Amino acid sequence: MRIALRLIPGLWLALLVAAPLALVGVMALSWQAEGVPPYSPPWAGEGTNPENLRLLAEDPYYRDSLGQSLLVAALTAALCLLLAIPMGIAIARAGKWRNALLGAVLLPFWTGFLIRIGAWIGLLRDEGWINAIIRGLGWTDQPLHLLYTHGAMLVGMVHAYLPFAVLPLFAAATRLDPLLEQAAEDLGATPGRAFLTITLPQLLPALAAAFLLVFIPAAGEYVIPELLGPPNATLVGRVLFQEFFQSRDWPVASALAVALLVLLIGPIILFQRLGRAA
Amino acid sequence: MTPRWLRAALWAGLAFLWLPVALLVAYAFSADPVPFRWGGFSLRWFSALAGNDRLLEAAWLSLRIAAGAATLAVLLGGATGWVLARHGPFAGRAALGALAGAPLVLPEVVTGLSLLLAFVALEAAIGWPAGRGALTVLLAHATLGTAYVAVVVQSRLASRDRDLEEAAQDLGASPAAAFLTVTLPLMLPALAAGWLLAFTLSLDDVVLASFTSGPAGTTLPVALFSMLRLGMTPEVNALATLLLAAAGLALALIGLLLRRGD
């Protein structure tokens, strides 16, 4: 019985996590072919295909998609931190309101992110709310094109990922000793200086964890760039979908997945180290 | 004492998170066919929704997939979390932990692509699963859910030491009886919360479902996604409002369950 309880989930995960990942690796070295499924594996006679991975390194379209994704993910994570640091600390110090406020931050996470993106589409459209406000203020009579821009995409990403960033900062902030900051102020530090020199350094591991918790999933994001971003925001998630579903080029899509994983492996390991230390 | 700027930032952040959602809900009750324009109170979009067979079918399919995937995830993830927290060192423990943790950190597009390749290869090798559809989406969601349930259960058990179980065995309970009367009740809140977590993840997933479903397996999020691609309609507002109400209910339930467990 005890052995069975180890074996059954182990086999499940081996079959549906480990083996699939290995297949992505094999597919990245396969050849695109006519037929169903549309590829021929390295053992079908043609040997391994180094072209897919070489293409990623040499073709600026693919290279840029990886670079853009990392940049957008980093920007998203940085913007999330900017909001999450004060939010996490304020919630930790909210006394009896703590749980209610934490719930208010987490509830949107449970409401489904598609819905929230839908809300942003409604707000940012040419006839949307934000344009109505701008027109109402008399700043311009031409609608600003806000939707399908990099800005809209970033707003949507920050909106979707902000709760992930607040959680670790809140958890770390509850362990802070507010007396330390008080002592610094009593000794003559301005509140700003006390915050920067006393509070922030104590939050560093949580800051790193929060950054990575946003950065890692954001790097592969597909839905938000597709629904809010401009057509030229060809992030790797979008390119991968395109290669797979439109071009039916499974090997190149797999090579993109491998490249994304290679780029993320460092952040993932760092994140797991931070988790173990906490 | 909380500095004023901290509190201001908190309210700004909450407004940023909630305002779009609140507007979405408010305008679900607007009669105007242009989304986010007020045309008087009306429930017409809810009744339009009730007549949209394609969406209702997708919603029903999604609920069944989510319930099935969450149940499988609780069984598999519960076992994984318990084994990792309580079995001590055994051969393959590190591998099991790594495999259970992997879906949590892998980008969705990678997980989705890898699962599809696995299903295609499996079908070629043993003829099962035949084609892609609801079953393959369920298997994909169950795998992701397993990882989440395993983490929740493992951390819950890790925060309670073994004394209780050992005491039960010292007092003459068989290992099975000790598990059923002591360990399982300890795990129960985590299992329930894990079920709801897996259920919600499944109901919110576009990427895994896009990869692993065929033309016959359009789930609600996939249908919603293709609607949103064409822009917003008030019908989406109404649908979102219903989903929000369901999510709020689920969260309240989880909160209740976790509190009772402590």
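Just so you know, these numbers come straight off a predicted model, no measurement behind them. Every chain is numbered from 1 and lettered A, B, ... according to where its sequence line falls, protein lines coming before strand lines.
To the nearest 0.5 Å, atom OG1 of residue B/T200 and atom CG of residue B/D205 are 12.0 Å apart. One finds the CG atom of B/L243 at 9.5 Å from the CG atom of A/L114 (value rounded to the nearest 0.5 Å). A distance of 14.0 Å separates OH in A/Y161 from CG in A/L79, rounded to the nearest 0.5 Å. Note that the NE2 atom of B/H141 and the OG atom of B/S202 stand 4.5 Å from one another [nearest 0.5 Å]. Of the inter-residue distances, the one linking A/L264 atom CG with A/F215 atom CZ reads 6.0 Å to the nearest 0.5 angstrom. Once rounded to the nearest 0.5 Å, the distance linking CG of B/L115 with CG of B/L144 reads 9.0 Å.
Contacts of B/F179 with chain A are absent, with no heavy-atom separation under 4.5 Å from either backbone or side chain. A/I268 touches chain B through its side chain: at least one heavy atom from C-beta onward sits under 4.5 Å away, while N, CA, C and O do not. Of the two parts of A/L23, the backbone and the side chain both hold a non-hydrogen atom closer than 4.5 Å to a non-hydrogen atom of chain B. Both the backbone and the side chain of A/V155 come within contact range of chain B, judged by heavy atoms closer than 4.5 Å. With a threshold of 4.5 angstrom between heavy atoms, A/P37 approaches chain B through side-chain atoms but not through N, CA, C or O. With a 4.5 Å cut-off on non-hydrogen atoms, A/L260 touches chain B through its side chain but not through its backbone. Within the 4.5 angstrom heavy-atom criterion, atoms from both the backbone and the side chain of B/P20 approach chain A. Both the backbone and the side chain of B/L197 come within less than 4.5 Å of a heavy atom in chain A. Both the backbone and the side chain of B/L10 come within contact range of chain A, each with at least one heavy atom under 4.5 Å from a heavy atom of that chain. For a residue to count as touching a neighbouring chain, one of its non-hydrogen atoms must lie under 4.5 Å from one of that chain's; by this rule A/A104 touches chain B with backbone and side chain alike. For a residue to count as touching a neighbouring chain, one of its non-hydrogen atoms must lie under 4.5 Å from one of that chain's; by this rule A/R125 touches chain B with the side chain only. Both the backbone and the side chain of A/V158 come within contact range of chain B, each with at least one heavy atom under 4.5 Å from a heavy atom of that chain. Using a 4.5 Å cut-off between heavy atoms, B/V105 touches chain A through backbone and side chain atoms alike. Of the atoms belonging to B/A100, heavy atoms from both backbone and side chain fall under 4.5 Å from chain A. In this structure, chain B has heavy atoms under 4.5 Å from both the backbone and the side chain of A/L5. If you measure heavy-atom distances from B/S210 to chain A, the contacts under 4.5 Å come from both the backbone and the side chain. For a residue to count as touching a neighbouring chain, one of its non-hydrogen atoms must lie under 4.5 Å from one of that chain's; by this rule B/L239 does not touch chain A.
When the candidates A/A22, A/A84, A/A14, A/P86 are compared by the number of heavy-atom contacts under 4.5 Å with chain B, A/P86 comes out ahead. Contact count versus chain B (heavy atoms, under 4.5 Å) is highest, among A/G88, A/A257, A/G122, for A/G122. Among the candidates A/L83, A/L21, A/I216, the residue making the largest number of heavy-atom pairs closer than 4.5 Å to chain B is A/L21. Most heavy-atom pairs under 4.5 Å with chain B: of the set A/W12, A/Y39, A/Y222, this distinction falls to A/W12. The candidate from A/A18, A/A119, A/G103, A/G220 with the greatest count of non-hydrogen atom pairs under 4.5 Å with chain B is A/A119. Chain A forms more heavy-atom pairs under 4.5 Å with one residue of B/V236, B/L203, B/L106, B/L201 than with any other, namely B/L106. Options B/V21, B/L99, B/L24, B/V83 differ in how many heavy-atom pairs under 4.5 Å they form with chain A, and the most are formed by B/L99. Highest contact tally toward chain B, considering only A/G118, A/G237, A/G10, A/G95, is held by A/G118 [criterion: heavy-atom pairs under 4.5 Å].
Exactly one residue among B/L96, B/L75, B/V153, B/V149 makes a side-chain contact (heavy atoms from CB on, under 4.5 Å) with B/T80. That residue is B/L96. A ring pair (Phe, Tyr, Trp, His ring centres under 6.0 Å) with A/H159 holds for exactly one of A/W120, A/F164, A/F113; it is A/W120.
Contact annotation: the side chain of B/T146 never approaches that of A/P9 to less than 4.5 Å [non-hydrogen atoms, C-beta and beyond].
A cation-pi contact, defined as under 6.0 Å to the ring centre and within 45° of the axis, links A/R6 to B/F90.
Counting heavy-atom neighbours within 6.0 Å of B/W11 CH2, excluding the residue itself, gives a total of 12 or less.
Nearest heavy-atom pair, B/V206 versus B/V222, reported as atom, atom and distance to 0.1 Å: O-CG2, 4.1 Å. Residues A/L212 and A/P217 share a closest heavy-atom pair of O-CD, 4.1 Å.
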>> Checking B/T219 against B/S213 for the side chain to side chain contact (heavy atoms under 4.5 Å, CB included) test, could you report, in this order, the C-alpha distance in whole Å, the side-chain angles of both residues, the deciding distance, and whether it holds?
In response: CA-CA 8 Å; B/T219 61; B/S213 79; 5.8 Å; no
>> Please evaluate residues A/I89 and A/L169 with respect to the criterion side chain to side chain contact (heavy atoms under 4.5 Å, CB included), reporting the C-alpha separation (whole Å), side-chain torsions for both, the decisive distance (0.1 Å), and the verdict.
In response: CA-CA 7 Å; A/I89 299 173; A/L169 284 164; over 6 Å; no
